[in-house]
Amino acid sequence: MTGTVRVRAFARFREVLGDRLEIPLPAGSTVRHVVNEVVRANPAASALLLDSDGHLKKSVIVMVNRERVGGPDREDHPVNPGDEVALYPPVAGG
């Protein structure tokens with residue numbers, strides 16, 4: 001089964017990625033698949049989202065269906081067609 005995942009980008013990520021993307025993905029995909037498809041569609045996103053080893057930067061905040069996805073295995077978090085993945089840059093300020 002295939003479908004699409006809606007990807008939303010916020011803050012400075014929005015400037016590069018746009019605010020909404022539709023990414024086609026098969027069922028059983030993961031956050032890693034989504035990020036790789038985002039980078040494939042927009043290579044400029046690589047510097048924002050991936051570290052030198054090609055993994056999602058630890059500083060990138062990921063939410064799937066409005067729930068934060070964290071921890072060392074977050075790239076393996078399942079994403080299904082119809083889900084929404086939100087990407088946020090690190091938050092700093094004071």
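Just so you know, these numbers use all the heavy atoms, side chains as well, and skip hydrogens, waters and symmetry mates.
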Practice prompt. With the side chain counted from C-beta on, respond yes when Asp76 and Val31 share a heavy-atom pair under 4.5 Å apart, and no when they do not.
Written response: no
Worksheet entry | Nearest non-hydrogen partners of Ile23 and Glu37, listed with the distance | CG2-CB, 3.4 Å
Worksheet item: Is a side-chain N or O of His33 found less than 3.5 angstrom from the main chain of Thr30, in a donor-acceptor match?
Response: yes
Practice prompt. Return the minimal non-hydrogen interatomic distance between Gly3 and Pro81, and the atom names on each side.
Written response: CA-CB, 3.6 Å
Item to complete: Check for a donor-acceptor pair, side chain of Asp53 on one end and backbone N or O of His55 on the other, with a separation under 3.5 Å.
Response: no
Discussion item. Between Leu25 and Thr4, is there a side-chain heavy-atom distance shorter than 4.5 Å?
Written reply: no
Response to the item:
Taking every heavy atom of Val16 against every heavy atom of Ala44, the minimum-distance pair comes out as CG1-CB, 3.9 Å
Worksheet, complete the sentence: CZ of Arg32 to CG of Asp73, rounded to nearest 0.5 Å, is 9.0 Å
Worksheet item: Which distance, rounded to the nearest 0.5 Å, do you find between the CG of Leu48 and the CG of Leu87?
Response: 10.0 Å
Worksheet item: Got a sec: does the CD of Glu67 have more than 12 other heavy atoms crowding it under 6.0 Å?
Response: no
Worksheet item: Are the side chains of Val60 and Phe13 in touch, meaning some heavy atoms are under 4.5 Å apart?
Response: yes
Practice prompt. Can you see which heavy atom on Val79 is nearest to which on Val5, and at what distance?
Written response: CG1-CG2, 3.7 Å
Item to complete: Nearest 0.5 Å please: distance from the OG atom of Ser29 over to the NE2 atom of His77.
Response: 12.5 Å
Worksheet item: In Å and rounded to the nearest 0.5 Å, what is the CG to CG distance from Leu17 to Leu49?
Response: 6.0 Å
Practice prompt. Look at atom NZ of Lys57 and say whether more than 12 heavy atoms of other residues, nucleotides or ligands are closer to it than 6.0 Å.
Written response: yes
Discussion item. Can you give me the closest heavy-atom contact between Pro89 and Phe10, atom names plus distance?
Written reply: CD-O, 3.3 Å
Worksheet item: Salt-bridged, Asp19 to Arg8, with N to O below 4.0 Å?
Response: no
Worksheet entry | Salt-bridge criterion met for Glu15 and Arg12 (N-O under 4.0 Å) | no
Fill in: Note, Val38 side chain near Leu21 side chain (heavy atom, < 4.5 Å)
yes
Worksheet item: To the nearest 0.5 Å, what is the distance between CZ (Arg68) and CE (Met63)?
Response: 8.0 Å
Worksheet entry | Backbone of Val39 reached by a side-chain donor or acceptor of Asn42 within 3.5 Å | no
